[in-house]
K.L.:
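Structure incoming, see below.
Quick caveat, the model's predicted, so the values are computed rather than measured. Throughout, numbering of the chain's residues begins at 1 and tracks the sequence. Atoms within a ligand are numbered from 1 in the order they appear, just like the ligands themselves.
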Amino acid sequence: MGRLLPAILFAFALVAFAIGCANEKKQGIAEGEEWFKSYCTPCHGENGDGQSQIAGMMETPPKNLRQIAQRRNGQFPDAEISKIIAGVENVPGHSTTDMPAWWDTFKKAEGITDEKILQEKIDHITAYLKTIQE
Ligand code: HEC
């Protein structure tokens, strides 16, 4: 009986921790969505499907971001997508494209100097994109 209480408390702590993690993840995705709406929809469209006002005027059409996984055999490559957004990954076509590199833009526009935080913000956008895959 003496061991039951600590076990119960431990179980509660675990559950609280899991809920905390889930909340943090949810907040990250919500923030990613906000950033997406601020920075990405002009080209990629309100819902990310690539249908935007200016899409038709662009030489390289913005990609449908709801089909990132579809274009890769159903796999959503988190790290690669974060790199594409940051502009680090030299994906074929990307060095010369109309897809901007966001690393420096976010640094200036959001006034973020801590690169770890900057990476987190980009990962949040990636996490949001993952939720809108078809
Ligand atoms: C000025 C227009 C423009 C804006 C704004 C823009 N993009 Fe793009 N994006 C493009 C274009 C054009 C492509 C396609 C590039 C190519 O095909 O080489 C692209 C491609 C991508 C890809 C690659 C998709 C894949 O399957 O390989 C991702 C991911 C992406 N954009 C994310 C974003 C995010 C996130 C934002 C906002 C932070 C954003 N884009 C803002 C024009 C834009």
K.L.:
Heavy atoms only, cut-off 4.0 Å: how does I54 contact ligand 1, side chain, backbone, both, or neither?
P.N.:
neither
K.L.:
Taking only heavy atoms of M58 into account, list the atoms of ligand 1 that are under 4.0 Å away from them.
P.N.:
2 (C), 12 (C)
K.L.:
Return the minimal non-hydrogen interatomic distance between I84 and R72, and the atom names on each side.
P.N.:
CD1-NH2, 4.0 Å
K.L.:
Only heavy atoms of C43, strictly under 4.0 Å: list the atoms of ligand 1 that pass.
P.N.:
1 (C), 2 (C), 3 (C), 4 (C), 5 (C), 43 (C)
K.L.:
What are the atoms of ligand 1, with element, lying closer than 4.0 Å to any heavy atom of R72?
P.N.:
25 (C), 26 (O), 27 (O)
K.L.:
When you compare ligand 1 with T60, is there at least one nitrogen or oxygen pair between them that comes in under 3.5 angstrom?
P.N.:
no
K.L.:
Near R71, which atoms of ligand 1 are under 4.0 Å from a heavy atom of that residue?
P.N.:
24 (C), 25 (C), 26 (O)
K.L.:
Using a strict 4.0 Å cut-off to heavy atoms of P61, name the atoms of ligand 1 that fall inside it.
P.N.:
12 (C), 14 (C)
K.L.:
Taking non-hydrogen atoms only, is H44 closer than 4.0 angstrom to ligand 1 via side chain, backbone, both or neither?
P.N.:
side chain
K.L.:
Name the option, out of S38, C40, S52, G87, that contains the heavy atom nearest to atom 35 (C) of ligand 1.
P.N.:
C40
K.L.:
What do the steps show when you test E110 against K121 for salt bridge (Lys or Arg N to Asp or Glu O under 4.0 Å), and what is the final call?
P.N.:
CA-CA 10 Å; E110 300 285 337; K121 302 287 184 194; over 6 Å; no
K.L.:
Using only atom types and a distance under 3.5 Å, with no angle test, would you say the side chain of H44 pairs donor to acceptor with the backbone of D49?
P.N.:
no
K.L.:
Looking at A55 and G50, what are the two nearest heavy atoms and their distance?
P.N.:
CB-O, 3.6 Å
K.L.:
Quiz question: by atom type and distance under 3.5 Å, do the side chains of D123 and S82 form a donor-acceptor pair?
P.N.:
yes
K.L.:
When you look for heavy atoms under 4.0 Å from ligand 1, do you find them on the side chain of I85, its backbone, both, or neither?
P.N.:
side chain
K.L.:
Any idea which atoms of ligand 1 are less than 4.0 Å away from a heavy-atom of I125?
P.N.:
35 (C)
K.L.:
Please walk me through it: do F106 and I112 pass side-chain contact (heavy atoms from CB on, under 4.5 Å)?
P.N.:
CA-CA 7 Å; F106 285 158; I112 298 170; 5.5 Å; no
K.L.:
Describe, in one word, how the ring planes of W35 and Y39 are oriented to each other, choosing from parallel (under 30°), tilted (30 to 60°) and perpendicular (over 60°).
P.N.:
tilted
K.L.:
side-chain contact (heavy atoms from CB on, under 4.5 Å) with L129: which of I132, T131, T126?
P.N.:
I132
